[in-house]
Amino acid sequence: MAAGEVTAVSPTLSFSIERMTEHDLLEVVEIEERSGLSPWGWDAYHKELQSPEDVIMLIARVVVADANLNEGRGIAGFIVARVVADEMHVNNVAVRSEFRRQGLAAQLLQTVLECGRLAGARMAFLEVRAGNKAAQALYHCCGFEAAGRRRRYYSNPVEDALLMSVSL
Ligand SMILES: CC(C)(COP(=O)(O)OP(=O)(O)OC[C@H]1O[C@@H](n2cnc3c(N)ncnc32)[C@H](O)[C@@H]1OP(=O)(O)O)[C@@H](O)C(=O)NCCC(=O)NCCS
């Protein structure tokens, strides 16, 4: 799916994958906080948005939904990646809990990988907490394989990272 296209996951629920803008950041940070990710916060996302040539920052916006679900929840998930030379690094991906297991993260990830490939990246890399089995399953689904381990990479709580990669 290319950024800008709309995909339906049920008769009442559709998403549009779009480039993230400054106006999305409050919601992105809220989703980050609720998802238990190592926090970047508003300033870091804002700074990242200032390098549009290198970064690929996408959101999945709810287009059609049950009125109750949609209230104040225009963004269902997001992904942030950066291309340096011929390598892409996927930094953060998260989906609101009520929209999980509907293929949304996989669509965000596949779209970001395609954007990276078009930007000249030949490999994509990411780190994931060794205990985060849901994220690891997602990455396997999108072709990533374990490529190494970084001891005590994360803090709060301290945990190893698995390094994963996929050829683009
Ligand atoms: C990980 C996360 C982004 C997945 O989002 P999602 O939209 O639910 O994922 P998808 O629906 O696209 O899942 C695609 C596939 O990944 C795997 N997967 C996703 N979540 C899973 C889970 N909780 N348990 C097992 N497998 C899972 C499945 O194979 C799934 O396909 P299936 O539903 O057909 O079986 C979401 O759980 C999340 O936001 N978690 C908190 C933040 C986080 O951990 N981010 C990753 C940091 S490295």
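It should be emphasised that the depicted structure is a prediction, and the values quoted were computed from it without experimental measurement. Every number for a ligand or one of its atoms is a count from 1 in the order of the listing.
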What one should report as the nearest heavy-atom pair of F78 and L108 is N-CD1, 3.8 Å
Using distance alone, decide if ligand 1 has a nitrogen or oxygen within less than 3.5 Å of any nitrogen or oxygen in L37. no
For the student: nearest non-hydrogen atoms of E127 and L163, plus distance: OE2-CD1, 3.8 Å
When every non-hydrogen atom of L113 is compared with those of C142, the smallest separation belongs to CD1-O, 4.2 Å
Residues Q136 and G131: closest non-hydrogen pair is NE2-N, 4.2 Å
Less than 4.0 angstrom from a charged side-chain N to a carboxylate O is my criterion; do D86 and R122 meet it? no
Protein heavy atom at shortest distance from atom 21 (C) of ligand 1: R101 NH1, 3.4 Å
For atom 26 (N) of ligand 1, what is the nearest protein heavy atom, given as residue, atom name and distance? A137 CB, 3.4 Å
Return the closest protein heavy atom for atom 7 (O) of ligand 1 as residue, atom name and distance. A105 N, 3.1 Å
Can an N or O of C141 be found at a distance shorter than 3.5 Å from an N or O of ligand 1? no
Quick one: does D160's side chain have a donor or acceptor within less than 3.5 Å of a partner on R152's backbone? yes
Any atoms of ligand 1 less than 4.0 Å from a non-hydrogen atom of Q102? List them with their elements. 11 (O)
Quick check: S35 and ligand 1, any N/O pair under 3.5 Å apart? no
Please check: side-chain N/O of E32 versus main-chain N/O of W40, any donor-acceptor pairing under 3.5 Å? yes
Is any side-chain heavy atom of F15 closer than 4.5 Å to a side-chain heavy atom of V62? yes
Is V28 reachable from V55 through a run of hydrophobic residues whose side-chain heavy atoms are each under 4.5 Å from the next? yes
Check this for me, if you would: do R96 and E27 make a salt bridge, where the nitrogen-to-carboxylate-oxygen distance has to be below 4.0 angstrom? yes
Of all the atoms in ligand 1, which lie at a distance below 4.0 Å from a heavy atom belonging to A106? 12 (O)
Heavy atom under 4.0 Å from ligand 1: found in Y154's side chain, backbone, both, or neither? neither
Among all protein heavy atoms, pick the one closest to atom 45 (N) of ligand 1 and tell me residue, atom and distance. V93 O, 2.8 Å
Where M88 and A81 come nearest, the two heavy atoms and their spacing: CE-CB, 4.0 Å
Within a distance of under 4.0 Å, is there any protein heavy atom near atom 34 (O) of ligand 1? no
Need the ligand 1 atom indices (1-based, order shown) with element for anything under 4.0 Å from a heavy-atom of A94. 39 (O)
Heavy-atom pairs closer than 4.0 Å: do any link ligand 1 to the side chain of L126, the backbone, both, or neither? neither
What is the nearest protein non-hydrogen atom to atom 23 (N) of ligand 1, stated with its residue, atom name and distance? A134 CB, 3.3 Å
Hydrophobic cluster identity match, W42 and L37, side-chain contacts under 4.5 Å: yes
Which residue owns the protein heavy atom closest to atom 11 (O) of ligand 1, what's the atom, and how far is it? G103 N, 2.8 Å
Specify the protein heavy atom at minimum distance from atom 39 (O) of ligand 1: its residue, its atom name, and the distance to 0.1 Å. V95 N, 2.9 Å
F99-ligand 1 polar pair, N/O distance under 3.5 Å: no
Ligand 1 atoms in contact with Y139 (distance to a heavy atom under 4.0 Å): 46 (C), 47 (C), 48 (S)
Answer with side chain, backbone, both or neither: which part of N132 has a heavy atom less than 4.0 angstrom from an atom of ligand 1? side chain
Taking every non-hydrogen atom, the tightest pair across V95 and R100: O-NE, 2.8 Å
Heavy-atom nearest neighbour of atom 13 (O) of ligand 1 within options L138, L108, L162: L138
Report the nearest protein non-hydrogen atom to atom 37 (O) of ligand 1: residue, atom name, distance rounded to 0.1 Å. R100 CD, 3.4 Å
